[in-house]
Amino acid sequence: MQVINIHDAKTQFSKLVEAVSQGDEIVIARAGTPAARLVPITTTKTVRQPGALKGKLQIADDFDAPLPSEIQSAFEGD
C-alpha cells in the first residue's frame, strides 16, 4: 500500500490509476492524514442458471395476440 500526498496525487493521477488497475492500493493523504483510498474495482461475473425463474413468472395466454387497432395505429403513427 502506497501513501501519497494529495498534491502529488493530482499531478500523477493517471499513473496512480494505472497502478491501481494493476492491483495496487493507494492511500491519499491530506497533511499526512489519510483522506481517501484508491482501490481496484472488482467485478464478479455471475453465472446464469437456465430455468432459475421457472414457476415464478406467468405469461398471459393472449401475450402475442394482435394489439387493438387504436393502439396499433399509435405505434405506427397513423
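Both I4 and I6 sit in one connected hydrophobic cluster of ILVMFWY residues. Membership requires side-chain heavy atoms under 4.5 Å apart, directly or through other members.
In plain terms, the two heavy atoms of A52 and K56 that are nearest each other are O-NZ, 3.9 Å. Across every non-hydrogen atom of P40 and G23, the tightest pair is CG-CA, 4.1 Å. Taking both residues in full, the closest heavy atoms of P34 and V27 are given as CB-CG1, 3.7 Å, listed atom of the first, atom of the second, then distance.
The 12-atom threshold is not exceeded at CD1 of I59, counting heavy atoms of other residues, nucleotides or ligands nearer than 6.0 Å. With a 6.0 Å radius and a threshold of 12 heavy atoms from other residues, nucleotides or ligands, Q49 has its CD atom at or below the threshold.
Going from atom CG of L38 over to atom CE of M1 covers 12.0 Å, rounded to the nearest 0.5 Å. Atoms NE2 and CD, from H7 and Q12 in turn, are 9.5 Å apart once rounded to the nearest 0.5 Å. Taking OG1 of T11 as the reference point, atom CG of L16 lies at 8.0 Å (rounded to 0.5 Å). The CZ atom of R37 sits 12.0 Å away from the CD1 atom of I26 when rounded to the nearest 0.5 Å. Between K15 atom NZ and D8 atom CG the span is 11.0 Å, to the nearest 0.5 Å. For the atom pair I71 CD1 and E76 CD, the distance stands at 12.0 Å (nearest 0.5 Å).
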